[in-house]
Q: 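Have a look at the structure that comes next, please.
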Amino acid sequence: MPFPNPKLGIDFSNYIAGCTKNFTGREWVFRAIREWLSDPDGSRYFLLTGDPGSGKTSIAAQLTRISQGEFTCSKLAPGFLSAFHFCSVGRSNWTDPRNFARSIALQLAANLTYAQVLKEIGDGDKHLNIKVDIDVKEAKNSAIQGVVIKNLSLGGLSGQEAFNRLIVDPLNILYQENIKDKIIILVDSLDEALAYSGGKSIVSILSELQDLSSNVRFICTTRSTRLVLSYFESLKPHRYTLITKSEANQKDLCEYIKTRTSSKTVKEKLLKEANLELDYLKSRLLELADGNFLVANHVINEIETDKLKLSDLSNALKGFDGIYQSFLRRFCGDDWDKNYQPILGIFSVAYEALTEEQLRNFLSKADDYHINPTKLRRSLGVLLQYLEAEQNFVSEAYKLHHAALREYLLDEKRNQDFWCDAKDFHNLVIRFYQSFTEILDASSFKQIDTYGLRHLTKHLIKIASWDELIRLLSRQTEDGKNAWFNAKDEVSEPAGFLDDVDLLIQNLPKELSSEEFKALTSIEALNYQVELIIKLASCYPNSLLPEALNIAIGSTDDHYKKRLLTALVDKFPPELLPKALEVALAIQDALPRAKALIALADKLPEALPMTLDAAQAIEDEFARAKALIALADKLTLELLPQALNAVQAMQNEYYRAEVLTALANTIPEVLPMALDAAQVIQNESRSAQSLIALADKLTPELLPQALNAAQVIRDEYYRVEALTALANKIPEALSMALDTAQAIENEFARAKALIALADKLTPELLPQALNAAQAIEDEFDLTTLLIELMNKFPQSFTPYFLSSIQTIKSEYFRTKALISLASYLPENLSEDIKQRISNIIQFIQDDSYKATLKAEFASYAPEIIEGVKLDDI
């Protein structure tokens, strides 16, 4: 998906083309994705997991081709993906969360509505610089060609902040406007995204999403590594594993081998070696690959390039270690030591693709390695089959073709003969750049290339060179400014300085001195200076707090004043608070002034009246309501009349009810007014929401009024919501809610209402709920309702649930229901229950679902698993 301005986005087209060359099969994976997409209540995350070489990235790349209409798939429709992103450990710009946020935003901006919201956010945000041109005349069904992003600069935003401002905030605005469309975002190789070390990784950001519509979903691929999976464990992702020995995978691999061995090159080799039949070759390759596509691809490549004779197939080794070991053994001792280990060692520690010149530079500092340009080029040619080449602006750059090779080279236990000591090669990189960083004048820093500016700090951290790292980051120019920041700013990467400081603080085993903090923050650009102080807030020295306040005073930007005050307020000693209050009161814009004063109010109670004045002065009602809600738990009875006047002045009924409800938490006398406000809201959804927020606070004398307010809500679904919330204090409201839910004509709304009621049902109401469940025809709704009811029923109802699960046609929903039932089963199951479970599992065709059930039921009843012979998978 190319972008109008390639400097702003990442063009993955060449990468996708390479990953999908000779793509074969995988319809069974596409079917699983379709079933997950069709589940309205499915997990936000579809995690496609598998071992290295199992085809995760190829599948991800093929999904983008299906979405773009380049490949037809009966399971998935063109345009089903809203955006996609690929991570690669050797391409640091692909694993940078800021680039990720920018890349996704640029793709989502193909939608007119999103582009308009993004433009509005950019217009009102001091950090973002977004220039969006929209030609509405060219619009067709919201997807238009007329959106042109001319500039998208993120200033000093971190990856998390960039993702929030570019992705989360615009999407929340769209969904608040009742947009119903699904947003599906594909992210490949989360395990490689963990290589990013400049703060929160893409994995952290994606796993911490909370306040975002459930209509926003992610298809992610990752190796089955505990490090990645632990991030998502509590989020209950839909995990789908590529099982290399499954029948479906073996069938696809067989077809792939058939296609590859049909090439002219392989057929010619078979003619020369007449003792081999094509069928034998195919079966032997299938055996060698052991279900792994990358291994099969490698062996066939070796045959095609004459590096492996057909007669030597019996000597080919299985798996990656065997492949790499077989390849490296071609080099004799001296040849390996002098010509190949140095190159592979540098590649194994590099954070992005390297040019020949960069390799030559790094190796020039090696005492034991002497590779001249001619030898270097020849050695690269020999290694090229294990390298991935990409076109740089001026020349080609290279990286290791797969993370598995990097791990093999650096693992001494797995690779004793060809091990590369990472520390040695980190040192080589550092020594090259030291020739520039040890010179004090600013011009020497300008000679450092972009690789050094981006990654030198990471290399220093890898060898724990803390003193050198502090010297680098705190080096100052003759005029007292930070030299490292200036060098990054020269090449338009000033935000990278914030990442470097992040790394320093996260890894440094000692505390920085006040002088070192001061040197770090000696930055002329105010926005970055402020962001840096905020980033350092938790460990910022008290001795420098007056200087931080002076920066706020000297700033003409209200946003930065507010940011500094709210970040540092908890550190201010009593003697600085009056000065901080002056800074807050000097903020001209009402909204940031109110936020700054609210932050100070806990430490300065005398600031409360001024804070309330500031909140009242906010013109936008939504922002004013949020400010008043933030103040609600701080207000005293003396200030209540003024707060109530501010509430009464609001035109929006819902905002008025929200503020009154917040006030009622600390001032119970406000409860009757809050209930009255909830009753007069015309929008029934918001009226129900207000009653729900008030339900647990209501006093006995107000309960009849609340019950009446719930009963007069015309929309049956919203009435059920309100009655359910009141059931804790009004038991009879529960049966009213169940009766109302059963009467809902729309099956989807009826199922949703029954699901919401499930955890509150009493034993007396359970039979009625079961009857209601039997009437649900939609398999998703039925599955969800059964799952919600399972923990409410005694174990004697297990046969009923098994009968209902058996009627579910979709294997996805059947597996989902059976897994949920497993957690409610007793330790000792009757023979009849075991047999019924075994029968359900036996008829599931999908190997990944079978494997999941195998793992789930093994601890409850191993004999169930034996009955379905899952060990054959």
Q: Check whether R44 reaches the backbone of S213 with its side chain - one donor and one acceptor, N or O, closer than 3.5 Å.
A: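 Confirmed, R44 side chain pairs with S213 backbone.
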Q: Would you call L190 and L194 a side-chain contact if the rule is heavy atoms closer than 4.5 Å?
A: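 L190 does not reach L194 side chain to side chain.
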Q: Around atom CD of E27, are there more than 12 heavy atoms of other residues, nucleotides or ligands at under 6.0 Å?
A: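 Yes, because the 6.0 Å sphere around CD of E27 holds more than 12 heavy atoms from other groups.
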Q: Identify the two heavy atoms, one from Y812 and one from G42, that lie closest to each other, and give their separation to 0.1 Å.
A: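 Here Y812 and G42 meet closest at OH-CA, 4.1 Å.
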Q: Considering non-hydrogen atoms only, spot the tightest contact between N93 and I10 and give its length.
A: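 That would be O-CD1, 4.1 Å.
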Q: Side chains of Q689 and S685: donor-acceptor distance under 3.5 Å anywhere?
A: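 Yes, a side-chain donor-acceptor pair sits under 3.5 Å.
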Q: Okay, side chain of T783, backbone of E779: is any donor-acceptor separation there less than 3.5 Å?
A: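 Checking the backbone N and O of E779 against the side chain of T783, a donor-acceptor pair under 3.5 Å is found.
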Q: Is a side-chain N or O of T815 found less than 3.5 angstrom from the main chain of E811, in a donor-acceptor match?
A: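 Looks like yes, one N/O pair under 3.5 Å.
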Q: On a heavy-atom basis, which atom in S58 and which in C19 lie closest, and how many Å separate them?
A: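 Closest pair (atom of S58, atom of C19, distance): OG-O, 2.9 Å.
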Q: Are K200 and E208 ion-paired here, with the side-chain N under 4.0 Å from a carboxylate O?
A: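 Salt bridge between K200 and E208, a charged N being under 4.0 Å from a carboxylate O: yes.
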Q: Could you check, using the six-membered ring where one of them is a Trp, whether Y240 and W36 have ring centers closer than 6.0 angstrom?
A: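 Ring centroids of Y240 and W36 are no less than 6.0 Å from each other.
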Q: May I ask you to check if R814 and Y849 form a cation-pi contact, with NZ or CZ under 6.0 angstrom from the six-membered ring centre and within 45° of the axis?
A: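 Output no; distance or angle outside limits.
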Q: Hey, are S848 and D846 close enough side-chain-wise for a donor-acceptor pair under 3.5 Å?
A: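 Result is no, nothing qualifies.
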Q: Is there a donor-acceptor contact under 3.5 Å linking the side chains of D188 and T57?
A: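 Distance-only check passes for D188 and T57.
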Q: Determine, using ring centers only, whether H85 and F218 are less than 6.0 Å apart.
A: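 Not under 6.0 Å, so no.
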Q: Tell me if a side-chain donor or acceptor on S54 pairs with a main-chain N or O of L242 at a distance below 3.5 Å.
A: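 It does not hold such a pair.
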Q: Under 4.0 Å between a side-chain nitrogen and a carboxylate oxygen: does that hold for K245 and D847?
A: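 Not counted as a salt bridge, because no side-chain N and carboxylate O are separated by less than 4.0 Å.
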Q: Could you please spell out the steps behind the side chain to side chain contact (heavy atoms under 4.5 Å, CB included) verdict for Y654 and N683?
A: CA-CA 8 Å; Y654 181 61; N683 183 300; over 6 Å; no
Q: Taking it one step at a time, do W94 and F100 satisfy ring pair (Phe, Tyr, Trp, His ring centres under 6.0 Å)?
A: CA-CA 7 Å; W94 290 18; F100 169 64; over 10 Å; no
Q: Do S207 and L209 come close enough that some side-chain heavy atom pair is under 4.5 Å?
A: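 No - every pair of side-chain heavy atoms lies 4.5 Å or more apart.
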Q: Should we count NZ of K488 as having more than 12 external heavy atoms under 6.0 Å?
A: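 Yes, NZ of K488 has more than 12 neighbouring heavy atoms, counting only those of other groups under 6.0 Å.
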Q: When you check the gap from the basic side-chain N to the acidic O, do D51 and R223 get nearer than 4.0 Å?
A: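 Here D51 does not pair with R223 in a salt bridge, since their nearest N and O are not under 4.0 Å apart.
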Q: Hydrogens and angles aside, do T49 and T222 bring a side-chain donor and acceptor to less than 3.5 Å of each other?
A: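 No - no donor-acceptor pair under 3.5 Å links their side chains.
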Q: Within the structure provided, determine whether S204 and Y231 are in side-chain contact (heavy-atom separation under 4.5 Å).
A: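 Answer yes - side chains close enough.
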Q: Say you draw a straight line from CG of N22 to CG of N297; how long is it, rounded to the nearest 0.5 Å?
A: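 Going from CG on N22 over to CG on N297, the span is 8.0 Å.
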Q: What are the two closest non-hydrogen atoms of V117 and P170, and how far apart are they?
A: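 Taking V117 first and P170 second, the nearest heavy atoms are CG1-CA, 3.6 Å.
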Q: Is there a side-chain contact between Q107 and Y114 (heavy atoms, below 4.5 Å)?
A: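 No; the side chains remain at least 4.5 Å from each other.
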Q: With distance as the sole test, does N292 use its side chain to make a donor-acceptor pair with the main-chain N or O of P52 at under 3.5 Å?
A: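 Confirmed, N292 side chain pairs with P52 backbone.
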Q: Are D252 and W28 close enough that a side-chain donor and a side-chain acceptor fall under 3.5 Å?
A: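 The answer is yes; a qualifying pair exists.
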Q: If only atom types and distance count, is the side chain of T20 paired as donor or acceptor with the main-chain N or O of F23 below 3.5 Å?
A: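 Judged by distance alone, no pair lies under 3.5 Å.
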Q: After noting the C-alpha distance and the side-chain angles of Q160 and N164, does the key distance pass the side-chain hydrogen bond (donor to acceptor under 3.5 Å, both in side chains) rule?
A: CA-CA 6 Å; Q160 178 71 70; N164 289 344; 3.1 Å; yes
Q: Donor-acceptor pair, S82 side chain versus I184 backbone, under 3.5 Å?
A: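 Yes; judged by distance alone, with no hydrogens or angles, the pair exists.
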Q: Any heavy-atom pair between the side chains of I219 and V187 that's under 4.5 Å?
A: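 No, too far: nothing below the 4.5 Å cut-off.
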Q: Quick check against the 3.5 Å criterion: does Y175 have a side-chain atom that pairs as donor or acceptor with the backbone of S214?
A: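 No, because the side chain of Y175 does not come within donor-acceptor range (under 3.5 Å) of the backbone of S214.
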Q: If you draw a 6.0 Å radius around NZ in K251, do more than 12 non-hydrogen atoms from other residues or ligands fall strictly inside?
A: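 Counting other residues, nucleotides and ligands, NZ of K251 stays at 12 neighbours or fewer.
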Q: Would you mind checking if K816 and D39 are paired as a salt bridge, meaning a charged N to carboxylate O distance below 4.0 Å?
A: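 The answer is yes: the pair qualifies as a salt bridge.
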Q: Within a 6.0 Å radius of atom NZ on K626, are there more than 12 heavy atoms belonging to other residues, nucleotides or ligands?
A: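 No, not enclosed.
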Q: Decide yes or no for L782 and D778: does some side-chain heavy atom of the first lie under 4.5 Å from some side-chain heavy atom of the second?
A: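 In short, these two side chains do not touch, never coming nearer than 4.5 Å.
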Q: F86 versus I16: any side-chain heavy-atom pair under 4.5 Å?
A: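 Sidechains of I16 and F86: in contact.
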Q: Side chains of I59 and F30: does their closest heavy-atom pair fall under 4.5 Å?
A: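 They are in side-chain contact.
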Q: What I want to check is whether the side chains of E35 and S38 have a donor and an acceptor closer together than 3.5 Å.
A: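 No, no side-chain donor-acceptor contact under 3.5 Å.
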Q: Side chains of Y398 and E396: is there a donor and an acceptor less than 3.5 Å apart?
A: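 Per modelled atom types, Y398 and E396 side chains form a pair under 3.5 Å.
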Q: Distance-only, no hydrogens or angles: does the S158 side chain make a donor-acceptor pair with backbone N or O of E161 under 3.5 Å?
A: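 Such a contact is found between S158 side chain and E161 backbone.
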Q: So does L400 get a backbone contact from the side chain of R406, meaning a donor-acceptor N/O pair under 3.5 Å?
A: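 Checking the backbone N and O of L400 against the side chain of R406, no donor-acceptor pair under 3.5 Å is found.
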Q: Taking the six-membered ring for Trp, are the ring centroids of Y528 and F497 within less than 6.0 Å of each other?
A: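 Judged by ring-centre distance (under 6.0 Å), Y528 and F497 do not meet the cut-off.
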Q: Give the intermediate values and the outcome of side-chain hydrogen bond (donor to acceptor under 3.5 Å, both in side chains) for residues R65 and Q68.
A: CA-CA 5 Å; R65 293 184 65 213; Q68 292 176 330; over 6 Å; no
